[in-house]
Amino acid sequence: GALIMTVETDEQEVHIPSQAFDPAFVQKLDSFVLLLGEKTGEDVETFLFSKEFPGEVRVRTRHGFLLYLDRDDDFGKVISILRVFLEKEIGDKRGRLEYIDLRFGNKVFYKLQGGAK
């Protein structure tokens, strides 16, 4: 998988040795990374968190596009939807993706460079 994975946040500061994230949530993210690689061939480059959108997780993939996720969703189900979407809808256009929004159940919204869907 990913050689170096980063986590970015707009929080003012995190004091060490405090925990920035609940351990159960960190485990959920770790499972997401493994499943994403297994099911889609994508690697996570960066997790992005914003205090403006506390229920949202943004994930930048190694191919450069963003995934928008609801942090309370079942990531296994979300990745299954993503896999089908990438295979059936995107195909060889994966390199043109800007983002895929997976926050709305079975509805997937996405944007390609130079156009929107």
Side-chain angles (χ1 to χ4, degrees):
L3 292 176
I4 298 175
M5 188 180 336
T6 60
V7 176
E8 294 181 17
T9 180
D10 58 5
E11 291 292 326
Q12 293 272 328
E13 56 184 87
V14 176
H15 297 282
I16 297 175
S18 69
Q19 293 180 343
F21 300 102
D22 177 84
F25 183 64
V26 172
Q27 180 61 41
K28 185 175 178 179
L29 293 177
D30 188 46
S31 295
F32 175 83
V33 170
L34 293 173
L35 276 174
L36 185 69
E38 288 174 10
K39 302 291 184 183
T40 70
E42 290 294 335
D43 290 321
V44 173
E45 181 178 276
T46 306
F47 285 106
L48 303 143
F49 298 94
S50 173
K51 61 183 175 186
E52 279 188 59
F53 306 102
E56 182 178 291
V57 177
R58 294 181 185 187
V59 178
R60 182 174 316 283
T61 68
R62 288 274 179 218
H63 284 102
F65 60 88
L66 286 172
L67 300 174
Y68 294 95
L69 310 169
D70 183 316
R71 76 189 288 159
D72 294 329
D73 276 348
D74 174 349
F75 288 166
K77 182 177 176 183
V78 169
I79 290 172
S80 293
I81 292 167
L82 175 63
R83 180 182 53 79
V84 170
F85 172 75
L86 289 171
E87 290 173 1
K88 305 266 185 205
E89 181 72 26
I90 296 302
D92 62 352
K93 298 180 281 191
R94 196 179 288 209
R96 294 183 45 222
L97 279 167
E98 284 190 33
Y99 69 81
I100 302 172
D101 192 337
L102 298 158
R103 297 174 293 175
F104 304 101
N106 288 335
K107 294 181 182 176
V108 177
F109 298 91
Y110 68 100
K111 181 177 180 186
L112 295 174
Q113 295 172 359
K117 283 283 184 176

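Quick caveat, the model's predicted, so the values are computed rather than measured.
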Legend entry - Gap between atom CZ of R58 and atom CZ of R71 - 0.5 Å precision: 13.5 Å

Inset, instruction - Determine, using the 4.5 Å side-chain heavy-atom cutoff (strictly less than), whether V78 and V26 are members of one ILVMFWY cluster. - result: yes

Legend entry - Atom pair CG (L35) and NZ (K39), whose distance is rounded to the nearest 0.5 Å: 6.5 Å

Legend entry - Distance (rounded to the nearest 0.5 Å) between T61 OG1 and Y99 OH: 15.0 Å

Legend entry - Contact check, side chains of L66 and L48, non-hydrogen atoms, under 4.5 Å: yes

Legend entry - Distance (rounded to the nearest 0.5 Å) between L34 CG and L29 CG: 11.0 Å

Legend entry - Minimum heavy-atom distance between L69 and R103, given as atom pair plus value: C-CG, 3.6 Å

Legend entry - Within-4.5 Å side-chain heavy-atom neighbours: L86 and I100: yes

Legend entry - Residue K77 excluded, over 12 heavy atoms near NZ under 6.0 Å: no

Inset, instruction - Verify whether the ring centers belonging to F65 and Y110 lie closer than 6.0 Å. - result: no

Inset, instruction - Say whether, by atom type as modelled, one donor and one acceptor occur between the side chain of K28 and the main chain of F75 under 3.5 angstrom. - result: no

Inset, instruction - Give, for atom CD1 of I79 and atom CD of E42, the distance between the pair rounded to the nearest 0.5 Å. - result: 11.0 Å

Inset, instruction - Answer whether the closest heavy-atom distance between the side chains of L102 and Y68 falls below 4.5 Å. - result: no

Legend entry - Closest non-hydrogen atom pair between F25 and F49, with its separation: CE2-CE2, 3.7 Å

Inset, instruction - Hey, could you give me the CZ/CG distance between F47 and L67, rounded to the nearest 0.5 Å? - result: 9.5 Å

Legend entry - Beyond-backbone contact of L82 with L36, side-chain heavy atoms, under 4.5 angstrom: yes

